[in-house]
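In listed order, ligands and their atoms are each counted from 1. The analysis underlying the following values was restricted to heavy atoms, covering all of them including side chains, and did not include hydrogens, waters or symmetry mates.
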Amino acid sequence: MGKTVLAYSGGLDTTTCIAWIKEKYGNEVITVTVDVGQQEDFKEIEERAYMAGSSKHYFVDAKDEFANDYIAMAIKANAMYEGKYPLSTSLARPLIAKKVVEIALRENADSVAHGSTGKGNDQVRFDVTIRALYPQVKVIAPVREWNMSRDEELKYLISKGIPYKPSRGEFSIDENLWGRSIESGRLEDPWVEPPEEAFAWTVSPEKAPDRPEYVEIYFENGIPVSLNGDRMNLVDLIKHLNIVGGRNGVGRVDHIEDRVVGIKSREVYEVPAATILIEAHRDIEKLTLPKSILRFKGLIEEQWSYMIYDGLWADPLREALEAFINETQKHVEGSVRLKLYKGGLRVVGRKSSRSLYKNELSTYASTSTFDQKQAIGFINLFALQTLVYREVNSNA
Ligand code: ARG
């Protein structure tokens, strides 16, 4: 009898996986639930795992690791896939895979399983990371193999005598500290406006308070370390901002997204903290980094975001890009003040002891120390090739 370690979320798919792997492969199934900040009753999930036939259940609290090793880098990288999606689901997958592999190694398991479908990105993220960290292991993705609808999964569980109370409504949800992803149901028609029931973290902007709310975020080495003057760890800071952003209707995203496997899909997200923190981080970078780095870093950021989305966490290019990003963050320090109002978000102030903004240079007042006459010589050289080209080719 083989031994399989399954990444278990507690949902219908992975619950069915337990029974199915036991029947189809004749394996013992060990379940692992990784806490990356999803709001779930983990005790209940554990009970469900045993009820469905798990022989041993592990619970792993990975919130701090998720925040400090994954989200922090996404903030430093201003990571927004295709300009809109802060990669909340994408970032958690390699961490879940790592935790599951750690347990597979400890338990001497010969296979690892996950509940991703064959149409999405998550299968790529899980498969690649698991195989990178544990090359000898077999990866099983039952949902990709079995072709059952949700109703058929429920019937299958009943036939095995496993009680399962379907809790899910119309939408498919994936949730963690960095965001909530909402798919399927009515959202599959990209013309249909997301109904209010799709949202759980944010109020609709129309219902948000009529008064703006301000937040002040302090960054050190590119990482947010305090909120409104209170120093806190990254997990708490993100939780707070999800609440503050959510009650002001900030962080709703509606996006046509390109999956790794070529499919275009309509994705809806609630990402209040991510929206606020990346906007703030971009702003403090503009105050503290020179134009050379700001321009070049954009290319690195885009590449990093693609790699995370595409599930290539294990590829050495990621670490090489991060070496560059970390190098740029050494002096990214200071405060950003933002105004949240009815779904909108604006930076309205920033300050830093490492600010490159010099009032005596930029001011139009008489206190300016900038010698304007020096600009004449600069422009002569700056425009030289443009002007020579036009002169040479004026008759062409
Ligand atoms: N499209 C996102 C991604 O690939 C989120 C997928 C979320 N999954 C879900 N079950 N809703 O990262």
Worksheet item: For R125 and ligand 1, does the shortest N/O to N/O distance drop below 3.5 Å?
Response: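 Right, the criterion is met.
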
Worksheet item: Any Lys/Arg nitrogen of K98 or D69 sitting under 4.0 Å from an Asp/Glu carboxylate oxygen of the other?
Response: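 The answer is no: the pair does not qualify as a salt bridge.
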
Discussion item. Check K43 with E46, please: is the shortest side-chain N to carboxylate O separation under 4.0 Å?
Written reply: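 Here E46 pairs with K43 in a salt bridge, since their nearest N and O are under 4.0 Å apart.
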
Among protein heavy atoms, which sits nearest to [atom], and what does the distance come to when rounded to 0.1 Å?
atom	result
atom 4 (O) of ligand 1	N121 ND2, 2.6 Å
atom 10 (N) of ligand 1	S172 OG, 2.9 Å
atom 12 (O) of ligand 1	Y85 OH, 2.6 Å
atom 7 (C) of ligand 1	S181 CB, 3.6 Å
atom 2 (C) of ligand 1	Y269 OH, 3.2 Å
atom 8 (N) of ligand 1	E183 OE1, 3.4 Å
atom 1 (N) of ligand 1	E257 OE2, 2.8 Å

Less than 3.5 Å apart, which donor and acceptor atoms pair up between the side chains of residues 123-130 and the rest of the protein, not counting sequence neighbours?
unit_1: Q123; atom_1: OE1; unit_2: R144; atom_2: NH1; d: 3.0
unit_1: Q123; atom_1: NE2; unit_2: G118; atom_2: O; d: 3.0
unit_1: Q123; atom_1: NE2; unit_2: G120; atom_2: O; d: 3.1
unit_1: R125; atom_1: NE; unit_2: Y309; atom_2: O; d: 3.0
unit_1: R125; atom_1: NH1; unit_2: D122; atom_2: OD1; d: 2.6
unit_1: R125; atom_1: NH2; unit_2: S90; atom_2: OG; d: 3.2
unit_1: R125; atom_1: NH2; unit_2: Y309; atom_2: O; d: 3.1
unit_1: D127; atom_1: OD1; unit_2: H114; atom_2: NE2; d: 2.7
unit_1: D127; atom_1: OD2; unit_2: R144; atom_2: NH1; d: 3.0
unit_1: D127; atom_1: OD2; unit_2: R144; atom_2: NH2; d: 3.0
unit_1: T129; atom_1: OG1; unit_2: R125; atom_2: O; d: 2.7

Practice prompt. Enumerate the atoms of ligand 1 whose separation from the nearest heavy atom of S90 is less than 4.0 angstrom.
Written response: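 Ligand 1 atoms under the 4.0 Å threshold to S90: 12 (O).
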
Worksheet entry | Close-contact set for ligand 1 against E267 heavy atoms, below 4.0 Å |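 Heavy-atom distances to E267 below 4.0 Å select 1 (N), 2 (C), 5 (C).
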
[X] side chain to [Y] side chain, donor-acceptor N/O pair below 3.5 angstrom:
X	Y	answer
E107	Y58	yes
Y50	S55	no
S172	S184	no

Worksheet item: Is there a heavy atom in E175 that sits closer than 4.0 Å to ligand 1?
Response: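 False for this residue.
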
Just to be sure I read this right, does ligand 1 sit under 4.0 Å from the backbone of [X], its side chain, both, or neither, counting only heavy atoms?
X	value
F171	neither
H255	neither
R259	neither

Worksheet item: Between W178 and Y70, does the ring centroid distance fall short of 6.0 Å?
Response: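 No, too far apart.
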
Worksheet entry | Cluster overlap I300 with Y81, hydrophobic side-chain contacts below 4.5 Å |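 Linked within one cluster.
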
Worksheet item: Applying salt bridge (charged side-chain N to carboxylate O under 4.0 Å, His left out), which residue pairs with at least one partner in residues 355-372 are found, sequence neighbours left out?
Response: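 Listed once each, the pairs would be none.
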
